[in-house]
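Side chains are part of it too, since the values below use all heavy atoms of this structure and drop only hydrogens, waters and symmetry mates.
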Amino acid sequence: MAIPFKISAPHTTLTFTTTTILLLCVVCAAADQSAIHRPIRPFKSVYAFGDSYTDTGNTRSDSGPSGFMFVSNLPYGRTFFRRPTNRYSDGRLVIDFVAQAMSLRFLPPYLDPKADKSSGVNFAVAGSTAIVHSFFSKNNMTLNITPQSIRTELDWFDKLLLEGKGCRDSVTTPEECAQVFNDALIWAGEIGANDYAYSFGSSVPTKTIRELAINSVTSFLEALLKKGAKYVVVQGLPPTGCLTLSMYLAPSDDRDSFGCVGSVNNQSYAHNAALKAKLRLFRKQFPKSTIVYADYYNAYLNVIRNAEKYGIKNLYGVCCGYGNGTYNFDYFHACGSPSSTSCGNPNEYVNWDGVHLTEAMYKAVADLFLNGTTYMQPPFSYLLSKKLKSG
């Protein structure tokens, strides 16, 4: 049985199994007793993509999703940063815990021209979609005011690689791209949940949204792999039926065994099944790349199932909201607005503002991703072993 082992990074402690630690330390000289105190840095950089669950500042109150227009205000950021950082949470996100576990700085948002981007960049945009924005405009899905999609994020990455690194693709610029990807972790955060949300109530079938979204994500991942990406983590969707907004909108008889909105969770589950099937094909097509699926859906449900273990007392209500009531949520009095209030202890909540999660929940999910063998397929320790063997 693996024994938990803690690695301290600035302002946080994450837990890895001894297996993971041994993999991380295999390059350390056994006789050098001070080696165990050195920062463990298997990757020189991390490049992240996704939506508001991964965005570390590419949107602000005046440019983010229409339903959550106060992200630049307190109490966003209150728990860890003590100030709003344009993260849609009270503190850190999964990607922040990943960066700290890799002994790297928090990933700066791509749109910050003054940021130090030497150890990675975050391209994720709150409100972004897998499907291009023009599709939603054409079909009169007016909830989508965010023009960026995963295609936009890839375009930004292409520009950064070409202008800053001289990398176009693995065929025409193989040496330049190898210098980027040999020591880089690609973290594809969840993307696609907004596509389903924006299509809610439209005449476009859910199956069509799923097919188009999966095709978009597939094209994005294929482009990265063709450039030479070697170490790639792809997050699936969480059980979006467990988010407060879903429960607020859905009829009370639409519930699954977890008490979440069953129809919405089925939608996320089907999306994830299609995504995993594509990843299996990519592993055969790109055998030199290590492609890991991060099972957000089941990691999330594991926390709900074991809420007491994590110190969580409120599974479905929001910490930051308005009106008390069953969920303390009102779409027209969003978190950060003058009329909203926040709870005394966000660590006791899963939901922060109705759609986004608390730092405590993100930390619990990050722990499950990075530590163990269940919620990363193959395990994160396998990816680390491949990296360390390659030098």
Any pair counted as disulfide (SG to SG under 2.5 Å), so long as it reaches residues 336-391, sequence neighbours left out
Cys319-Cys343

Can you tell me if Ser340 uses its side chain to pair, donor with acceptor, with the backbone of Gly321 under 3.5 Å?
no

Hey, do the aromatic rings of Phe220 and Phe49 have their centres closer than 6.0 Å?
yes

Who are the salt bridge (charged side-chain N to carboxylate O under 4.0 Å, His left out) partners of Glu359, not counting sequence neighbours?
Arg92

Tell me, which pairs form a salt bridge (charged side-chain N to carboxylate O under 4.0 Å, His left out) where one or both residues lie in residues 294-316, sequence neighbours left out?
Lys313-Glu348

Indicate whether the side chain of Ser390 and that of Tyr231 have a donor and an acceptor atom separated by less than 3.5 Å.
yes

Non-neighbouring partners of Ser202 that pass side chain to side chain donor-acceptor pair (under 3.5 Å), sequence neighbours left out
none

Pairs involving residues 204-218, ordered by first then second residue, that meet side chain to side chain donor-acceptor pair (under 3.5 Å) (sequence neighbours left out)
none

Could I get the full list of side chain to side chain contact (heavy atoms under 4.5 Å, CB included) partners for Ala126, not counting sequence neighbours?
Ser52, Asp55, Thr59, Pro65, Tyr88

Quick check on the 6.0 Å ring-centre criterion: do Phe81 and Phe106 meet it?
yes

Applying side chain to side chain donor-acceptor pair (under 3.5 Å), name anything that partners Asp254, two or more places apart in sequence or on another chain.
Ser263

Ring centroid separation for Phe329 and Tyr248, is it under 6.0 angstrom?
yes

Which class fits the ring pair Tyr296 and Tyr300: parallel under 30°, tilted 30 to 60°, perpendicular over 60°?
tilted

Run the salt bridge (charged side-chain N to carboxylate O under 4.0 Å, His left out) test against Asp195 and tell me which residues pass, sequence neighbours left out.
none

By side chain to side chain donor-acceptor pair (under 3.5 Å), which residues pair with Lys117, not counting sequence neighbours?
none

Is Arg78 atom CZ crowded by more than 12 heavy atoms from other residues, nucleotides or ligands, each under 6.0 Å away?
yes

Side chains of Arg87 and Thr85: any donor to acceptor distance under 3.5 Å?
yes

Would you call Asp155 and Arg151 a salt bridge, taking side-chain N to carboxylate O under 4.0 Å as the test?
yes

Indicate every side-chain donor-acceptor pair of residues 273-284 with a distance under 3.5 Å to a residue at least two apart or in another chain.
| residue | atom | partner | partner atom | Å |
| --- | --- | --- | --- | --- |
| Arg283 | NE | Ile291 | O | 2.9 |
| Arg283 | NH2 | Ile291 | O | 3.1 |
| Arg283 | NH2 | Gln377 | O | 3.1 |

Not counting sequence neighbours, list each pair that qualifies as a disulfide (SG to SG under 2.5 Å) and has a residue in residues 177-253.
Cys167-Cys177, Cys242-Cys260

Ring centres under 6.0 Å, that's the criterion: do Tyr297 and Tyr269 meet it?
yes

Any chance the side chains of Ser72 and Asn86 put a donor and an acceptor closer than 3.5 Å?
yes

Interatomic distance, CE@Met141 vs CZ@Phe135, rounded to 0.5 Å, equals 4.5 Å

Please work out which of the three classes, parallel, tilted or perpendicular, describes the rings of Tyr47 and Phe157, given edges at 30° and 60°.
tilted

Only counting residues at least two apart or in another chain, list the ones meeting side chain to side chain donor-acceptor pair (under 3.5 Å) with Lys227.
Asp158

Any side-chain donor near an acceptor of the partner, His133 and Ser137, under 3.5 Å
yes

